[in-house]
Amino acid sequence: MNTLFGEKKAEAKKIVFTSVDQYPEAPISLGTTLSNFTGDWRTFMPVVNEDKCVKCYICWKFCPEPAIYIKPDGYVAIDYDYCKGCGICANECPTNAITMEKEEK
Amino acid sequence: MEIPESIKKRLTLPAEEHFYAGHTACQGCGASLGLRYVLKAYGRKTIVTIPACCSTIIAGAWPYNTLDAPLFHTAFATTGAVISGIEAGLKAQGYKVKGEDGVMVVGWAGDGGTADIGLQALSGFLERGHDAVYIMYDNEAYMNTGIQRSGSTPYGAWTTNTPGGKRHFLEKRHKKKVIDIVIAHEIPYAATASVAYPEDFIRKLKKAQKTPGPSFIQLFAPCPTGWRSPTDKSIEIARMAVQTAYFPLFEYENGKYKINMPNPKKEPKPIEEFLKLQGRFKYMTKEDIEILQGWVNHEWEKLKKLAEVFG
Amino acid sequence: MAEYKPIKKVVSGNYAAAYAALHARVQVVAAYPITPQTSIIEKIAEFIANGEADIQYVPVESEHSAMAACIGASATGARVFTATAAQGLALMHEMLHWASGARLPIVMVNANRALAPPWSVWDEQTDSLSQRDTGWLQFYAENNQEVYDGVLMAFKVAEDKRVSLPAMVIESAFILSHTYDVVEMIPQELVDEFLPPRDPLYTLTDFDNPISVGALATPNDYYEFRYKEAMAMERAKKVIKEVGKEFGERFGRDYSQMIETYRTDDAEIVFMGMGSLMGTVKEAVDLLRKEGYKVGAAKVRWFRPFPKEELYELAKEVPAIAVVDRNFSFGQEGILFNESKGVLFNTDARPLMKDYIVGLGGRDFTVNDVRAIAKDMKKTLEKGRVEEEVVWYHLKR
Amino acid sequence: MIEIRFHGRGGQGAVTAANILASAAFKSGKYVQAFPFFGVERRGAPVTAFTRIDDKPIRIKTQIYEPDVVVVLDPSLLDTVDVTAGLKDGGIVIVNTEKSKEEVLEKLKKKPAKLALVDATTIALEILGLPITNTAILGAVAKATGIVDLKYVQEAIKETFSGTLGEKNAKAAEEAFNKTVVYEL
């Protein structure tokens with residue numbers, strides 16, 4: 001699976017309770033935020049140009065989500081389910097291999 | 001997805017990720033990056049305490065947890081006290097706390113929760129010498145409540161309760177030097193760090209882990225929403241804060257000061273380089289900028305002197 | 001079960017509390033000094049200094065931090081104890097909610113003390129009663145023995161998974177805290193049998209399955225957690241009675257009643273109140289009985305959860321109840337009186353009820369005062385109606 | 001029930017005396033209660049402390065208004081405090097003083113049934129090297145009232161003060177016991 005969180009992401013699900021009996025006794029968490037796809041916050045989407053990418057991983061380093069992952073071939077890719085489109089990756093990329101493009105929705 | 005070993009070697013940060021995506025931080029949030037780095041450094045054998053702040057939300061609304069580590073949400077003023085209690089509770093039950101294989105007890109609080117309402121609890125924590133790490137992520141205002149000034153807000157900054165306008169009413173107080181207050185407690189290890197320099201930050205986190213007793217790191221973490229800055233500029237702004245010596249990176253270790261960045265032998269960049277990237281400073285007059293530059297110069301000289309005398 | 005041979009000691013209420021904490025094998029104590037609580041923590045510090053106790057002691061910089069540190073420690077699964085009074089309790093207020101909301105069974109002794117201004121260090125219950133909505137169980141001790149027993153029972157009730165809520169054991173400033181009295185202590189191995197190590201509802205130390213505690217809950221979820229807490233408090237009544245009964249079976253002092261009644265069977269007038277003043281009331285009841293008054297006493301041991309059912313059982317048999325409130329809610333009346341009346345509203349129990357505000361700020365409340373109240377109450381009974389509902393009994397007129 | 005009131009000055013140990021007396025009585029099988037007047041007195045100010053002794057558990061939680069016994073640790077208090085206030089008929093007054101019976105009686109507003117005098121200060125200075133009279137005076141209490149045996153007083157003293165300090169204080173009590181003069185009035 002092409003994502004940073006792999007199986008965890010696949011297993012993540014929304015937890016919604018319809019009866020008080022389903023709630024835990026104390027307010028403790030029951031899952032991760034991986035079920036929350038924040039990709040729809042995005043206006044501009046980062047697009048990676050592998051021809052320019054030098055595999056420095058600066059974009060990976062500075063992604064606040066994190067939504068950038070490293071593929072087996074060493075190039076980076078973006079998990080658009082989570083990427084909010086902040087543009088830090090594009091701004092920090094030393095070779096301008098990432099561009100922010102208006103997203104068709 | 002597992003990163004290939006050949007690539008892992010080339011990464012400048014730990015490959016392991018213990019900070020889940022899907023969190024609800026604003027676009028370009030410096031604080032969320034900071035949390036990501038903390039968990040990279042310490043892994044999941046870490047108990048994190050977060051008081052009221054943006055990270056309360058970032059870390060996940062019930063029933064979700066953004067952290068792949070135990071997390072206790074607590075009241076605004078209490079970070080220092082709660083981590084003291086967690087450390088005591090762990091020790092009482094025979095856990096090793098801090099050190100390479102110990103449980104890491106981490107307080108993660110904003111500047112308001114540290115410089116203002118949580119200052120007393122912070123002081124108590126430092127003074128008593130608990131084995132825990134307190135990280136103040138500094139975005140220079142109460143961002144979670146909607147951008148109000150804190151003790152850590154710099155001179156000249158617009159906030160919603162120090163608004164710039166026709167009558168020119170801006171923040172007229174200089175940034176509170178929380179790190180200096182912390183150092184006055186003469187704890188074993190204190191440092192400043194920036195999300196623009198994660199390798200440096202993680203090195204400092206590791207040092208804090210190895211050093212027995214309380215450690216404190218003040219982490220500069222831009223907030224595009226509150227700073228009225230473009231979301232893609234967060235790292236650039238944080239870098240500029242260091243390069244202008246507005247927020248120099250240094251360490252205080254066993255009584256000795258060490259400046260990491262910028263280079264003390266070189267003239268820092270003018271403060272305007274930092275200010276111009278952010279809308280919050282747009283109401284500042286030329287005189288205001290001079291006043292702020294004067295403060296930066298004074299503090300920078302002071303730090304250099306400290307590093308020279310107690311280096 | 002080993003045979004129970006009590007160890008009798010002459011100790012202050014504060015020392016009784018400290019010994020109880022020691023015998024309960026508390027693991028963490030975080031506290032801040034305040035008169036008249038201080039000697040509890042001093043005594044515990046002395047236990048530690050003498051090597052009699054293995055306790056992580058956190059001398060914090062405020063009561064707000066004291067409760068915060070207790071909360072942190074309790075969330076790791078440790079057994080946690082603290083103590084405070086008045087101003088300190090008020091400063092803790094925010095964190096009291098936190099402890100109960102996070103369902104942490106911390107036990108705290110509060111030495112009832114009047115709130116300033118004007119400054120006072122003397123007895124009054126308004127400090128603890130104004131925390132009645134924080135989700136803490138509240139046990140009011142009549143004497144030093146009940147302070148000791150109360151702390152041990154409070155841990156057992158609070159830590160019961162059906163409850164998992166914090167508990168406050170309340171003693172009177174000086175009248176108990178600094179008064180030396182004979183206390184029967186329980187040998188350690190028998191305390192251990194009664195109170196096994198804590199088995200927490202959750203802990204922060206499960207690193208393989210990490211949880212967050214207390215995250216933001218939206219209007220869609222918050223409500224259910226409050227209901228859960230309300231039900232836990234309701235279940236606490238049953239647990240209190242079970243634990244109180246077990247305590248009686250093991251150690252001879254039965255606490256299965258949340259309201260302890262004294263000579264109420266044929267009583268026309270029952271004095272109802274909480275804490276140390278009820279000792280004086282019982283003494284007065286004996287004297288007044290000899291003088292021909294048909295009087296009895298009802299001591300409310302647990303104010304939270306409020307023993308509604310027991311109060312109803314009492315009220316339906318008794319023509320008149322004189323509530324002695326060492327507390328006051330401004331804009332209303334004495335707090336026990338107020339709550340008691342409320343409990344009876346939808347029942348067929350309709351005793352004449354009057355509220356006597358007594359002993360605020362440590363004003364001494366004596367046998368003669370109880371006699372005067374009995375006389376006044378008798379007049380009310382003869383008239384068959386309550387004319388003056390709230391009486392500021394000691395007021396200089 | 002016997003109710004005893006101690007008058008002293010802050011720092012002289014009146015409260016400790018009340019507690020030790022209670023412990024001693026407890027050792028002889030009694031129920032006891034001991035407490036200070038709940039004030040905020042500092043060192044040197046007049047202080048009051050109380051002990052109740054009974055054959056059955058003591059429930060009453062009020063201050064003592066009508067004592068059976070009054071113990072005065074500091075003779076100068078006779079001039080400033082009405083030490084016999086509320087003293088029961090048939091009551092006993094015990095005073096640490098070097099003055100004569102007549103001189104003391106002149107200062108008392110109410111004549112007790114029994115007056116016991118001892119120069120506890122001199123005894124304390126000789127044995128302890130300090131003018132702290134709270135343990136010595138308990139010897140006088142044992143002698144004048146018979147409420148409690150001297151040996152229990154000494155045991156209770158040794159439990160309160162460990163080691164040589166306990167031994168010395170116990171000796172002071174014994175010395176005072178022997179030197180106390182009791183007048184039936």
Side-chain angles (χ1 to χ4, degrees), chain A residues 1-9 12 14-17 23-24 27-39 41-44 46 55-58 60-77 79 81-92 100, chain B residues 1-4 6-8 10-13 15 17-37 39-40 57-68 70-73 195-199 202 221-222 224 230-239:
Chain A
M1 186 184 300
N2 285 340
T3 137
L4 179 55
F5 295 101
E7 276 176 24
K8 280 185 192 161
K9 180 183 171 185
K14 293 277 182 196
I15 301 165
V16 180
F17 292 147
Y23 282 75
I28 57 173
S29 64
L30 305 165
T32 73
T33 48
L34 288 175
S35 60
N36 186 31
F37 291 166
T38 49
W41 296 24
R42 203 166 52 231
T43 310
F44 292 92
K55 300 179 182 176
C56 68
Y57 307 121
I58 287 173
W60 169 81
K61 196 166 77 173
F62 286 124
C63 178
E65 298 318 317
I68 297 179
Y69 61 98
I70 300 166
K71 296 189 292 178
D73 63 7
Y75 286 108
V76 294
D79 188 335
D81 284 341
Y82 300 120
C83 169
K84 294 173 187 158
C86 70
I88 289 177
C89 52
N91 194 62
E92 296 305 316
M100 298 304 290
Chain B
M1 168 179 281
E2 199 52 28
I3 300 173
S6 57
I7 295 169
K8 268 190 189 171
R10 295 178 46 212
L11 298 175
T12 55
L13 304 181
E17 211 66 70
H18 296 284
F19 182 70
Y20 292 119
H23 63 75
T24 52
C26 299
Q27 293 158 323
C29 170
S32 54
L33 255 181
L35 256 180
R36 183 181 163 218
Y37 298 146
L39 291 165
K40 273 189 179 296
I57 316 299
I58 297 169
W62 188 85
Y64 308 109
N65 187 6
T66 303
L67 277 52
D68 180 29
L71 162 61
F72 193 78
H73 290 274
V195 294
Y197 299 95
E199 294 84 357
I202 286 178
T231 60
D232 62 338
K233 299 289 181 204
S234 292
I235 299 302
E236 199 177 322
I237 291 167
R239 197 180 295 123

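Side chains are part of it too, since the values below use all heavy atoms of this structure and drop only hydrogens, waters and symmetry mates. Throughout, a chain's letter reflects where its sequence line sits, starting with A, and its residues are numbered from 1.
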Checklist entry - Is a side-chain N or O of B/Tyr64 found less than 3.5 angstrom from the main chain of A/Leu34, in a donor-acceptor match? => result no

Checklist entry - Checking heavy atoms, do the side chain of A/Glu92, its backbone, both or neither come under 4.5 Å from chain B? => result side chain

Checklist entry - Rounded to the nearest 0.5 Å, how far apart are CD1 of B/Ile7 and NZ of A/Lys71? => result 10.5 Å

Checklist entry - Taking the side chain from B/Arg36 and the backbone from A/Cys63, do they hold a donor-acceptor pair closer than 3.5 Å? => result yes

Item to check | chain B contact via A/Phe44 - side chain, backbone, both or neither, heavy atoms under 4.5 Å | outcome: neither

Checklist entry - Donor-acceptor pair, A/Thr32 side chain versus B/Thr66 backbone, under 3.5 Å? => result no

Item to check | Pairing residues for B/Ser32 by the side chain to side chain contact (heavy atoms under 4.5 Å, CB included) criterion, not counting sequence neighbours | outcome: A/Pro64, B/Phe19, B/His23, B/Ala25, B/Cys29, B/Ile58

Checklist entry - Who passes side chain to side chain contact (heavy atoms under 4.5 Å, CB included) against A/Phe37, sequence neighbours left out? => result A/Lys9, A/Asp81, A/Tyr82

Next on the checklist: Is it the case that the side chain of A/Asn91 and the backbone of B/Asp232 share a donor-acceptor pair, with hydrogens and angles ignored and the cut-off at 3.5 Å?
Outcome noted: yes

Item to check | Side chain / backbone / both / neither for B/Lys40 at chain A, heavy atoms under 4.5 Å | outcome: side chain

Item to check | Heavy-atom contact with chain B under 4.5 Å, split by part of A/Ile28 | outcome: backbone

Checklist entry - Given a strict heavy-atom distance threshold of 4.5 Å, which part of A/Lys8 is in contact with chain B: side chain, backbone, both, or neither? => result side chain

